[in-house]
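The structure appears right after this line, and notes come after that.
A, B, ... follow the sequence lines: proteins, then strands. Residue 1 opens every chain. Side-chain atoms are counted along with the backbone in the values below, which use heavy atoms only and exclude waters and symmetry mates.
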Protein chains: 2
Amino acid sequence: MTRINSQDIATLVGVSQATVSRAFTPGASISAKTKNRILDAASRLGYQPNVIARSLSKSQSKMIGVLFANWDHPKAADFLQGICEKLMEFDFKALVQSPGATRQVDDIFRDFLQYQVDGVIVFSASPSRQISVDYARNNIPIVLLNRSAKTLNASSISVDASGLGRRMAKELISRSYSRLAIVSKDSESQVVADMSRSIEEMFLESGQAKIISQNSGVYGYDAGIQCIREMWNQPEKPDAVICTSDDTALGVIAGCRHHLDIDVPHDLGVIGLGDTPVAAWKDHDLTTVRIPHDDLISQTVATLVANIENPWNEPEIMELEANLVIRGSIRGE
Amino acid sequence: MTRINSQDIATLVGVSQATVSRAFTPGASISAKTKNRILDAASRLGYQPNVIARSLSKSQSKMIGVLFANWDHPKAADFLQGICEKLMEFDFKALVQSPGATRQVDDIFRDFLQYQVDGVIVFSASPSRQISVDYARNNIPIVLLNRSAKTLNASSISVDASGLGRRMAKELISRSYSRLAIVSKDSESQVVADMSRSIEEMFLESGQAKIISQNSGVYGYDAGIQCIREMWNQPEKPDAVICTSDDTALGVIAGCRHHLDIDVPHDLGVIGLGDTPVAAWKDHDLTTVRIPHDDLISQTVATLVANIENPWNEPEIMELEANLVIRGSIRGE
DNA sequence: ACAATTCTTGCAAGCGCATACATTTAATGC
DNA sequence: GCATTAAATGTATGCGCTTGCAAGAATTGT
């Protein structure tokens, strides 16, 4: 039982196969009358053009490889949904892959190449230099989302980590916090690294505040509890903590309240990252960072599409501002 | 600058194009020696077979359409990641689409057909009957995940909602709760409907317990607070609440504690759904339902692959057991 | 009414690969 | 060493569509 194709429609309507093809090609040279006859017959027989064949002859697949490397991200689903829907607006489809035990990042990039994707979006990962040049050679644009890779031949859309760091430092200093701990995951993105660095710079300038520890571990509520306990056993305790995930920050707060009798925000200011819904709950009231997801996504897709349409575009490096949401987990100015 | 193809390799190595093709076809008839020469040349020139062309001639694309309709699901990312990775194991790629303003569920199904997908996985949605028969006619299997559609010509993998309902009812009755409220979203999946129905049946049998209200609204923490307040204004108050999302349940608990001075679990038992990490936090300690995600995903992909390999398989309807996680938000027996 | 122009349509050659079939080469048996 | 069989390769066609080119039909101007 073979699938119905354009030739079938052609013979049925009594035109050539090429004409059928034209009926489905917007802007092709075809009279309204025959076009309608063809479209009628097609819908009657349930015919739809074979996109694979079209891709082959046009050598463009209308597919975008989406390499999604961080499913643990609190907003992972939002990012992916946004990407899919935004791509849809431009009539692209998302071919989603994620690196795992069997397939590394570069393997997936090669897969995408085999599938003749028109472009690739990478969430929280980067291709090797080799891959990057392979893609450049084939004129297939790559956009890194949530990561800035200035050294690669690729566009990147991320948050302005340095600016964010400066703003955090400013708020902390103006609230007379002076001994900061930063709690972040080990294999953390360079976003966090940049942020930490610029906080440190500001602190150095102010002369009074300093970063006393840079604890690394894992994400999560329990990790937060664990973390604050350990810190409270050290001789030099922080009076402010920045956690690179809201969950961890909430864990820290819980640890303070339920286990250690530390007053948040008076004895310890806590800042999270991500502005998850839980953070806003009144019994948590966590100061945190709101990431401009929608803008990140829009820019990512827009950049990609622009680079597809104009292959001679320079890669675009874009950093969007993240918002600091001040709530009750740090004291007033 | 045209892409390099099998013919290029063929002339370079001095063999026919067909032989190059064979070098990349596992199990094809080709000598180890020439195969190596070809593979060498290929990797030297960075050649990789064009999967699009292969799809066309084999009329199978190795792509699975994934129609993802519920990004708000607390475990959305996990589901999608699981699907992608599991598909990868079978050498399939996921073409992910989600219904939105411009594209309805059926439109996406038609898209998938154009892309010659080998099968479709649907998360929290169902195709129309028409689509279902179109697919059946083309021998393209559909598997519904998180939804059971017994009337359609499709497989479905979901949780055993009735069984879950019975277990809940049993636990509630044995703990002498007798006036249950069920808080669920309006457009709720039939999973919830099934669950409610079987609870009701058990309650009727017991003769003493009953469902006093079936409040519908929206998901979320705030909704939960709002909800419990409203219920406490009614003449007949529940002594147990089942929320079809953990967040809502946590809102209810917060409402009880901070606003209404209701003792949980003594005055009111609360049960959530989903077993999100927050639910396990000691200060929440929410009794909830753990969904067997991994099994759902494995079964979904396994079923799909089986149906692809053997097109004459009957659709499979499978219901997996969900686990009730008893914690402190309901009283002891 | 006829030439000049514009629209439609058909024809045919790809796009890059797989594969049935034919042909050549290598391996095997005695 | 020769016949028989198996393995390796080449040839040629098709998968379903797009598109340049040329031929035919319709439109326009004069």
- Message: Does C:dG10 have OP1 or OP2 under 4.0 Å away from a side-chain N or O of A:Ser16?
- Response: yes
- Item | Pair of N/O donor and acceptor under 3.5 Å linking D:dG20 base with A:Arg22 side chain | yes
- Message: Whole angstroms only, please: what is the CD-P distance between A:Gln17 and D:dT18?
- Response: 8 Å
- Residue mapping more 5' on DNA chain D - nearest nucleotide basis, A:Ser57 or B:Ala32: B:Ala32
- Message: Under 4.0 Å between a side-chain nitrogen and a carboxylate oxygen: does that hold for B:Asp118 and B:Lys62?
- Response: no
- Query: C:dC11, C:dT9, C:dG16: which one has an atom nearest the side-chain heavy atoms of A:Ser31?
  - Reply: C:dT9
- Task: Measure the shortest side-chain to side-chain distance between B:Val66 and B:Phe123 over non-hydrogen atoms and say whether it is less than 4.5 angstrom.
- Result: no
- Task: May I have the distance from A:Asn50 (atom CG) to D:dC15 (atom C1'), rounded to whole angstrom?
- Result: 9 Å
- Send over the distance from B:Leu56 CG to D:dG14 C1', rounded to a whole Å. 9 Å
- Which of C:dC17, C:dC7, D:dC17 is nearest the side chain of A:Ser29? It is C:dC7
- Message: Starting the side chain at C-beta, find the nucleotide from C:dT9, D:dG10, D:dC17 nearest to A:Arg54.
- Response: D:dC17
- Hey, does A:Val51 reach any base, or is it just sugar-phosphate, or nothing, if we go heavy atoms under 4.0 Å? nothing
- Message: I'd like to know if B:Gln60 reaches the base of C:dA18 with its side chain, counting only an N/O donor and acceptor under 3.5 Å.
- Response: no
- Query: Salt bridge or not for B:Arg110 and B:Asp134, using N-O below 4.0 Å?
  - Reply: no
- Item | Rounded distance (Å) that lies between atom P of D:dT9 and atom CD1 of B:Ile38 | 8 Å
- Message: Measure NZ/B:Lys33 against P/D:dA7 and give the value in whole Å, please.
- Response: 17 Å
- Would you classify A:Thr19 as touching base, sugar-phosphate or nothing, given that sugar-phosphate means primed atoms plus P, OP1 and OP2, and contacts are heavy atoms under 4.0 Å? sugar-phosphate
- Nucleotide of C:dC17, D:dA7, C:dT9 approaching B:Ser21 most closely (side-chain heavy atoms): C:dC17
- Is B:Val15 touching bases, backbone alone, or none of the nucleic acid, heavy atoms closer than 4.0 Å? sugar-phosphate
- Checking B:Thr300 side chain against B:Leu296 main chain: does a donor-acceptor pair fall under 3.5 Å? yes
- B:Ile4 CD1 to C:dC15 P, straight-line distance once rounded to whole Å: 14 Å
- For D:dG16, take OP1 and OP2 only and decide whether either is under 4.0 Å from a side-chain N or O of B:Tyr115. no
- Query: What nucleotide, of D:dG16, C:dT9, D:dT18, holds the atom closest to the side chain of A:Thr25?
  - Reply: D:dT18
- Between A:Ser128 and A:Asp106, does a side-chain hydrogen bond (donor to acceptor under 3.5 Å, both in side chains) hold up when you go through it step by step? CA-CA 7 Å; A:Ser128 67; A:Asp106 278 10; 2.6 Å; yes
- May I have the distance from A:Lys35 (atom NZ) to C:dT9 (atom P), rounded to whole angstrom? 11 Å
- Query: Roughly, in whole Å, what's the span from NZ in B:Lys58 to P in C:dG16?
  - Reply: 19 Å
- Query: Within the structure shown, what part of the strands sits under 4.0 Å from A:Thr34 by heavy-atom distance: base, sugar-phosphate, or nothing?
  - Reply: sugar-phosphate
- Donor-acceptor contact present, side-chain B:Tyr135 to main-chain B:Phe109, <3.5 Å: yes
